[in-house]
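Reading through the structure tokens given below for one structure.
Here is the naming used below: chain letters follow the sequence lines, and residue numbers restart at 1 for every chain.
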Protein chains: 4
Amino acid sequence: MSGINKVILVGHLGKDPEVRHLEGGVTVASFPLATSETYNKDGKRVEQTEWHNIVLWRGLAEVASKYLQKGKLVYIEGKLRTRSFEDKEKVKKYVTEIVAENFTMLGRKSDFEQGPSATPIAAPVNDTKIEDEFTIGPSDENGDLPF
Amino acid sequence: MSGINKVILVGHLGKDPEVRHLEGGVTVASFPLATSETYNKDGKRVEQTEWHNIVLWRGLAEVASKYLQKGKLVYIEGKLRTRSFEDKEKVKKYVTEIVAENFTMLGRKSDFEQGPSATPIAAPVNDTKIEDEFTIGPSDENGDLPF
Amino acid sequence: MSGINKVILVGHLGKDPEVRHLEGGVTVASFPLATSETYNKDGKRVEQTEWHNIVLWRGLAEVASKYLQKGKLVYIEGKLRTRSFEDKEKVKKYVTEIVAENFTMLGRKSDFEQGPSATPIAAPVNDTKIEDEFTIGPSDENGDLPF
Amino acid sequence: MSGINKVILVGHLGKDPEVRHLEGGVTVASFPLATSETYNKDGKRVEQTEWHNIVLWRGLAEVASKYLQKGKLVYIEGKLRTRSFEDKEKVKKYVTEIVAENFTMLGRKSDFEQGPSATPIAAPVNDTKIEDEFTIGPSDENGDLPF
DNA sequence: TTTT
DNA sequence: TTTT
């Protein structure tokens, strides 16, 4: 009871979001996010990258699929969730994901433009902080998504 | 580069911290932490508990082993780290942990007392917010800990 | 553009929430919250308390007025906002507040019970994490509240 | 006792850091930071900017004065502190500041370069997440700084 | 006083 | 698999 489960990340997308439409019309998006830190080891600069599995549901998934692409810098707030699933060999495995609750695009204006011609996108997304206003029930979340 | 990887948890310890002393005198402590949330599903109150693997290093591990016990309510701040290891059957597995950077004990005064006689512990720990002032190198962190 | 303004507090209410109903039916609640930290100064334990002005709007204000009382331990998430106002002598003053976005009650079960007889309250509030699902426009927030 | 007082900001510096050296060799730096959010009001895009007073002590102040400049995008973590001081007319006033505990520079590579010729700076600061490893006593913090 |  |  009465717990807090909060994750705050700033990092770059490793891939474009992968969007899936579940039965019932529910949209799910997911992508890997890299957060790197650098430190000194014996006088040499070492970079260590951590990869996070980001999952977004419903309205947030729709917006993410529209505005987030591989390489973009993004602030993500969400919660940790560890799921079990069976792999192809029927072995039970666990994966820990960050279920996003909102996100904000960071970075330069050029980062909010798309394509080779750098044409500004139609919608104003410069401050895409989207609150996930949908109630996310476990029935949705526990679906056997083959991520 | 330039990423943020931050986790904030408030929850109860599922077990007493398990302390290990690595070669080189490095101390590591770990314990499971539960964060629960309740929500309404079809008019019924449902509680969903998430379990987190908490890992603490060096000085922070020492303090944790001293003051944290099963059942205690604690605020933990740290970062996500996913590690791979081989299980007994030599199968490669992954586990995501929260490497604690500091913690604060929450809850009632009685929670800061130990044992059946409820004698106050010697040190004043009512506000144990400990900053991990040690530099945690990856050489330590990547050690093959058999958690 | 593209900023993050987030505050996370765990502390005790200094007073019961003060509730006000603005013209238009909008509810606002406010209370002082204390966060204390202790540290060693010349071998002596010193406690330093910081007081925060918490403001809650609409639905969140209603729930707060119902479940939060002086002395309760609470987790609050919100954003910083500095407001100017004129005091009785028409001097312009500034005050910085935390506009709450959600809160969770922490602490013992007995903390969720009310009154001298400690009768449990009707609604299950053990895990009152309330998302402020209302759109808070500046027209509301900039109202000249005589806090 | 046992509180949490945490602020997380991502925003742009409104001015270059102002550095001061106190008696005793303690360095303090301060600057205003803007966090903006945009929202829709009657179909029109409105931007609302919040200004924060950031204060950094000792080692963190030194690094900030070296690497942060007006306009830079930065992630800042710290705590709230409200101070009282007397203005020129001997009127007691209050100001709320964010005492930084660490920061990370965000944004493009060009943001980590200085001057009109865009020559890269000498030190590797791409991932300047600096932990304030100094113990910040209130004796320092309560100094009557004429910010 | 920043940025888009 | 990102970014610098």
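Checked against E:dT4, F:dT1, F:dT4, the side chain of D:Glu47 finds its nearest nucleotide in E:dT4. Closest to the side chain of D:His12, from the set F:dT2, E:dT2, F:dT1, is E:dT2. For D:Ser36, the side-chain atoms get nearest to E:dT2 when compared with the rest of E:dT2, F:dT4, F:dT1. Here the side chain of D:Pro32 is nearest to one of F:dT4, E:dT1, E:dT3, namely E:dT1. Listed nucleotides: E:dT1, F:dT2, E:dT3. Nearest to the side chain of A:Lys70: F:dT2. Of the candidate nucleotides F:dT1, F:dT3, E:dT1, F:dT1 has the atom nearest to the side chain of A:Lys15.
When rounded to the nearest whole Å, the span between CD of A:Gln69 and C1' of F:dT2 equals 14 Å. Atom CG in D:Asn53 sits about 15 Å away from atom P in E:dT1, given to the nearest Å. Distance CG (D:Leu106) to C1' (F:dT4): 12 Å, rounded to an integer number of Å. The CE atom of D:Met105 sits 15 Å away from the C1' atom of E:dT3 (whole-angstrom rounding). Computed from coordinates, the A:Glu50 CD to F:dT4 P distance equals 20 Å when rounded to whole Å. Look at CG on D:Leu68: it is 16 Å from C1' on E:dT1, rounded to the nearest Å. What separates OH of B:Tyr94 from P of F:dT1 is a distance of 13 Å, to the nearest Å. Look at NZ on A:Lys72: it is 14 Å from P on F:dT2, rounded to the nearest Å.
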**Q.** Under the 3.5 Å Watson-Crick or G-U criterion, the dot-bracket string of DNA chain F, with | for inter-strand pairs
**A.** ....
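For the pair A:Val46/A:Gln48, no side-chain contact is recorded, criterion being any heavy-atom separation below 4.5 Å from C-beta on. A 4.5 Å side-chain heavy-atom check between B:Leu9 and B:His52 finds at least one atom pair inside the cut-off. For the pair D:Leu68/D:Phe103, a side-chain contact is recorded, criterion being any heavy-atom separation below 4.5 Å from C-beta on.
Distance alone, capped at 3.5 Å, is enough to place a donor-acceptor pair between the A:Glu50 side chain and the B:Thr82 backbone. Looking only at distances, a side-chain donor or acceptor of A:Asp16 sits under 3.5 Å from a matching main-chain atom of A:Lys70.
Residue-level contact check: A:Thr35 touches neither bases nor backbone, having no heavy atom under 4.0 Å from any strand.
Partners of C:Glu86 under the side chain to side chain donor-acceptor pair (under 3.5 Å) rule, at least two apart in sequence or in another chain, do not exist in this structure. The salt bridge (Lys or Arg N to Asp or Glu O under 4.0 Å) test applied to C:Asp87 returns C:Lys93, not counting sequence neighbours.
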